[in-house]
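Order of listing sets the numbers, starting from 1, for every ligand and every atom in it. Note that this is a predicted model, so its numbers are computed, not measured.
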Amino acid sequence: MENNRKLAEILSRIDGRGFKAYKDIKGRYGFKAFKLFIDHVQGDPYSNPSRIRVRVERGRTGFGPELTSNHSRTIAFCDFLTRTFYRNCRRFAKQERGIGKSGLVTMDRPQQEILERTAMVVTREYVEARFFMGLPAFGRKISARNAKAMFFEEVPKIVDHSLFLSRLDLKSILRHIEVSEDADALRGQLDSLGLVAFVADGSLLPRASGIDPRPLKRGNIVPFTSPESFRVKVSLPNRGEVEGLGIPKGVTLILGGGYHGKSTLLNALELGVYNHVPGDGRELAVSSAGAVKIRAADGRNIEKTDISPFINNLPFGKDTKAFSTANASGSTSQAAAISEAVEAGAATLLLDEDTCATNFMVRDVLMQQLVAKENEPITPFVDRVQQLHREQGISTVLVMGGSGDYFAVADQVIQMTNYEPSDVSEQARTIVETHDTGRRNEGRGELGGIRLRIPVKKSFSAFTREGRQRIKNQGDRAIVFGSTLIDLWDLEQIVHISQTRAMGRAILHAMQYMDGKRTLEQVMNLVERDLDEKGLDILMPFVVGDLARFRPLELAAAINRMRTLKVRQFA
Ligand code: ADP
Ligand code: MG
């Protein structure tokens, strides 16, 4: 550990020299209130910014043990500090100090969800912030004056305002932690309450826009209120007793007129697998950790997936117990999404008619008369959804305003009217009893277990044709893995670019467990175990501040979308 005067000396010495001379500042320096780690120095003012850490002794921060007394609280506390640090980077760093990224000081930026991240680490010994700096240059020549301003004025100010309790509002910190801890506790109770999801009364579900996940603030916003019959009281460690809509296990139908809030409710359930920040409106809109959004994604790749419960007797005798295609149709992609989710351990399926393949969902009585069952490979979901629950214990929540055929198979029916849910289960049942449509159930036979698959390690390569290892994200919905692009556009439960980044690395990590015997789910579970025990840092050979935790369900889904994937089916 060098004294920080050393850093100033090096900067003075390399002033005006070519950018590469910045490499000399790599190292560790002691500052008055913290240690500064310059882990990696960028090669060029335009390339990825340099990776920097600061570490403050926990004892000096004033952060008491109650902020990190369990895993849930620690994650929320780190999340709070990350948001604070990010904000203070914007506030105290001038940001523009030359060409390219010169002057940039930034940290991974959280959005509405509270996620485990590598950006901030809090242990009993220290608080460590991992961030990024664009070292300053004019015309590719080092600007020592600017670099000194960044290291000796801006960074200390950012650290001072972010990592010391005396500068922060303890009430806000505790609120952040407690809200998140309550959501975790609620999620943990769902199963024993017989629920797949819970939405507290007073929740504000609509978002600012289709591309802005912050809460809608303008216009008339209708707070969520549960119908009496679905109202459940839960008891949370911080908020105490809370009432709201409990969605029971089984088959739940959400219907109602167009624009009455059906998809908004389902979207909240999709993202209810994550915790949300105070003020989000969905703090207590929580769904079970194994809830998976299912949708059609035509054009995707499918590798030997067993879609036979839904699709059989394809033209030319194509096998649907091990169905492969490089160009799925809407219905086959949706069938595969369900089989793969079940294979990966999904407990609840979430579907919205807006993004489903119609012929996968319904086949009405008139169609049954014109097109004989022998000539229709698809057994529509309506004839399988109950079996999924009865035989496999997998619940479904389905938004469907377009077909009453689902009345007959729903355990409960919720109608959205002007954004207000009501219980219309009885009416739906009566309609079924008094209107025999003559439609025949086509779900003959047991659903049966789907065949499990064993990933073939050889089909994974993190190397490009030129022999370089390349793993990176492309935006938040694509991974470049070696020379393969894995398109994740249809995975709507990925909420942050840092999850995608981490998933790319996790595929590499998963490869060590592919021994030709383990199924995909077993491999995912081992990755999950490693992340639980050792944290996200194990995914990289060096320390980085921009990885976030993802679910094994999304990781499995990413692997399933890799076009080079080869599997063997479990015999
Ligand atoms: P549906 O799926 O029933 O057609 P949406 O869920 O897409 O309807 O909602 C339609 C519009 O209403 C969206 O713009 C949404 O943001 C808005 N909205 C949803 N819920 C509420 C609410 N509780 N209060 C106010 N606006 C809402
Ligand atoms: Mg909709």
Look only at interatomic distance and state if [X] has a nitrogen or oxygen under 3.5 Å from any nitrogen or oxygen of ligand 1.
X: L265; answer: no
X: G261; answer: yes
X: R207; answer: no

Open item on the list: At less than 2.8 Å, would any N/O/S atom of T264, backbone or side chain, sit next to the Mg ion (ligand 2)?
Closed with: no
- [ ] For the Mg ion (ligand 2), decide whether E353 has an N, O or S atom at a distance under 2.8 Å.
- [x] no
Quick test: of every protein heavy atom, which one is nearest to [atom], and how far off is it to 0.1 Å?
atom: atom 23 (N) of ligand 1; value: V222 O, 2.8 Å
atom: atom 7 (O) of ligand 1; value: S263 CB, 4.0 Å
atom: atom 16 (O) of ligand 1; value: P206 CB, 3.7 Å
atom: atom 18 (N) of ligand 1; value: Y419 CE2, 3.4 Å
atom: atom 19 (C) of ligand 1; value: T264 OG1, 3.2 Å
atom: atom 14 (O) of ligand 1; value: Y259 OH, 3.4 Å

Check the surroundings of atom [atom1] in [X]: do more than 12 heavy atoms from other residues, nucleotides or ligands lie under 6.0 Å from it?
X: R90; atom1: CZ; result: no
X: R214; atom1: CZ; result: no
X: D212; atom1: CG; result: yes
X: R477; atom1: CZ; result: yes

Open item on the list: Angle between ring planes, F80 versus H176, binned at 30° and 60°: parallel, tilted or perpendicular?
Closed with: perpendicular
Under a 4.0 angstrom heavy-atom cut-off, which atoms of ligand 1 come close to [X]?
X: G258; result: 4 (O)
X: G257; result: 3 (O)
X: N220; result: 24 (N), 25 (C)

TODO: Evaluate side-chain contact (heavy atoms from CB on, under 4.5 Å) for K304 paired with D319, printing each intermediate quantity in order.
DONE: CA-CA 9 Å; K304 288 199 185 128; D319 187 6; over 6 Å; no
Open item on the list: Between V199 and L205, is there a side-chain heavy-atom distance shorter than 4.5 Å?
Closed with: yes
- [ ] Would you check if E391 and Q386 make a side-chain contact, meaning some heavy-atom pair closer than 4.5 Å?
- [x] no
Open item on the list: Quick check for you: to the nearest 0.5 Å, what is the distance between I294 atom CD1 and L351 atom CG?
Closed with: 6.0 Å
- [ ] State, to the nearest 10 degrees, the angle whose vertex is the Mg ion (ligand 2) and whose arms point to OG of S263 and OD2 of D354.
- [x] 90°
Task: Intermediate values then yes/no, side-chain hydrogen bond (donor to acceptor under 3.5 Å, both in side chains), E442 and Q368 - done: CA-CA 10 Å; E442 298 181 341; Q368 283 184 331; 2.9 Å; yes
Task: Partner of D383 by salt bridge (charged side-chain N to carboxylate O under 4.0 Å, His left out), out of R363, R439, R440, R444 - done: R439
Open item on the list: Tell me whether M416 reaches ligand 1 (any heavy atom closer than 4.0 angstrom to a ligand atom).
Closed with: no
TODO: Look at ligand 1 and say whether L205 reaches it with a heavy atom at a distance under 4.0 Å.
DONE: no
